Amino acid sequence: MNFDSSVIWDALPNLLDGTLMTVKITFWGLLGGFILGALAGVARAYGGMVLSAIAQVYVAVIRGTPIVVQVMFIYFALPLLIDGLRVDAELAAIGTLMINSGAYIAEIVRGALLSVSKGLKEAGQAMGLPFHKILTHIIGPVAVRRMIPPLGNQCIISLKDSSLFIVIGVAELTRQGQEIMASNFRAVEIWSAVAVIYLILTGLIALALRIAEKRMRIL
């Protein structure tokens with residue numbers, strides 16, 4: 001079978017539409033995941049018994065179940081449990097990625113916060129600063145530098161996980177590739193193009209985080 005590059009050029013508009021949907025889902029999912037993960041991570045590290053227990057249950061449940069099960073529960077099961085509820089496939093994908101990435105980011109945040117020397121916290125207390133200022137101005141900046149490598153890894157994982165939302169019919173990159181391949185039966189060209197696009201996206205994420213890590217490095 002000959003490799004026909006013209007097949008890729010013909011399919012490129014649809015593949016780009018799928019790429020934009022993948023980027024959209026990943027961006028909003030990670031943005032919400034960062035907020036949720038930061039709150040859960042702080043709760044696990046400094047939230048006391050009740051908040052820490054709630055955050056720990058959330059992390060355990062989400063990390064212990066596959067993301068495909070989570071999105072299918074939100075998309076198919078929630079409308080059965082709540083009368084009148086209709087879940088849009090795109091919103092279900094974003095919400096699932098938000099909840100899923102948030103659980104992993106929570107552990108990244110918790111680990112980074114607890115890795116900061118207790119002496120910094122004690123120094124802030126000695127200066128009479130309230131805890132929220134100690135967290136945001138002393139512990140936080142140091143912890144953020146340590147979060148960058150694992151956060152970059154989570155961004156790449158979440159981007160690739162978005163391909164699993166094909167199960168609920170979201171028109172992301174993998175779904176577009178599948179539909180194109182089903183119409184022209186050129187699996188080699190189409191899936192090669194899809195793979196290259198994913199490599200470009202993950203490469204851009206890695207490059208952006210490498211630049212951020214370099215800029216935030218303590219000299």
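Since the model is a prediction, treat every value here as computed from it, not as a measurement.
Using a 4.5 Å cut-off on side-chain heavy atoms (C-beta onward), Ile138 and Leu129 make contact. Using a 4.5 Å heavy-atom cutoff, the side chains of Leu97 and Ile67 are in contact. Phe185 places none of its side-chain heavy atoms less than 4.5 Å from the side chain of Ile190. By the 4.5 Å heavy-atom criterion applied to side chains, Ile157 and Tyr104 are not counted as neighbours. At a threshold of 4.5 Å between non-hydrogen side-chain atoms, the residues Cys155 and Phe34 count as touching. Side-chain contact between Ile99 and Ile74: present, with at least one pair of heavy atoms (C-beta onward) separated by less than 4.5 Å.
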Item to check | Test side-chain contact (heavy atoms from CB on, under 4.5 Å) applied to Phe76 and Val167, step by step | outcome: CA-CA 11 Å; Phe76 292 110; Val167 297; over 6 Å; no
Item to check | side-chain contact (heavy atoms from CB on, under 4.5 Å) assessment of Arg110 paired with Val42 | outcome: CA-CA 6 Å; Arg110 182 184 71 89; Val42 172; over 6 Å; no
Item to check | Residue pair Leu135, Leu113: steps toward the side-chain contact (heavy atoms from CB on, under 4.5 Å) verdict | outcome: CA-CA 9 Å; Leu135 184 61; Leu113 290 174; 4.0 Å; yes
Checklist entry - Is there a side-chain contact (heavy atoms from CB on, under 4.5 Å) between Leu173 and Met21 once you walk through the steps? => result CA-CA 7 Å; Leu173 179 57; Met21 178 60 72; over 6 Å; no
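Val144 and Leu39 end up in different hydrophobic clusters when Ile, Leu, Val, Met, Phe, Trp and Tyr side chains are linked at under 4.5 Å. One hydrophobic cluster, built from ILVMFWY side chains closer than 4.5 Å, holds both Phe73 and Leu164. Ile25 and Ile62 end up in the same hydrophobic cluster when Ile, Leu, Val, Met, Phe, Trp and Tyr side chains are linked at under 4.5 Å.
The line from CE of Met147 to CZ of Arg145 is 11.5 Å long, rounded to the nearest 0.5 Å. In this structure, the separation between OH on Tyr75 and CZ on Arg86 is 9.0 Å, given to the nearest 0.5 Å. Rounded to the nearest 0.5 angstrom, Lys133 NZ and Met127 CE are separated by 10.5 Å. Rounded to the nearest 0.5 Å, atoms CG (Leu151) and CD1 (Ile105) are 6.0 Å apart.
Side chains of Asn100 and Gln70: a donor on one and an acceptor on the other come within 3.5 Å.
Across all their heavy atoms, Ala55 and Ala40 have their closest contact at CB-O, 3.6 Å. Taking all atoms of both residues into account, the shortest heavy-atom contact from Leu15 to Ala193 is CD1-CB, 3.9 Å. Looking at every heavy atom in both residues, Arg175 comes nearest to Gly169 through NH1-CA, 3.8 Å. Nearest heavy atoms, Ser158 versus Ser101: OG-CB, 3.7 Å. The two atoms that bring Ser115 and Ala112 nearest to each other are OG-O, 2.7 Å, heavy atoms only. Residues Met98 and Tyr58 come closest through the heavy atom pair O-OH, 4.4 Å.
With respect to Phe165, the side-chain contact (heavy atoms from CB on, under 4.5 Å) criterion is satisfied by exactly one of Thr174, Ile94, Val170: Val170.
Between the side chain of Ser52 and the backbone N or O of Met49 there is no donor-acceptor pair closer than 3.5 Å. Between the Thr26 side chain and the Val23 main chain, no donor and acceptor come within less than 3.5 Å of each other.
Salt-bridge check for Glu189 with Arg186: passed, with a basic side-chain N closer than 4.0 Å to an acidic carboxylate O. Between Lys24 and Glu172 no salt bridge is recorded (no basic side-chain N to carboxylate O distance below 4.0 Å).
Leu12 forms part of a hydrophobic cluster together with Trp9, Leu16, judged by ILVMFWY side-chain heavy-atom separations under 4.5 Å.
The environment of Trp28 atom CH2 is sparse: at most 12 non-hydrogen atoms of other residues, nucleotides or ligands sit within 6.0 angstrom.
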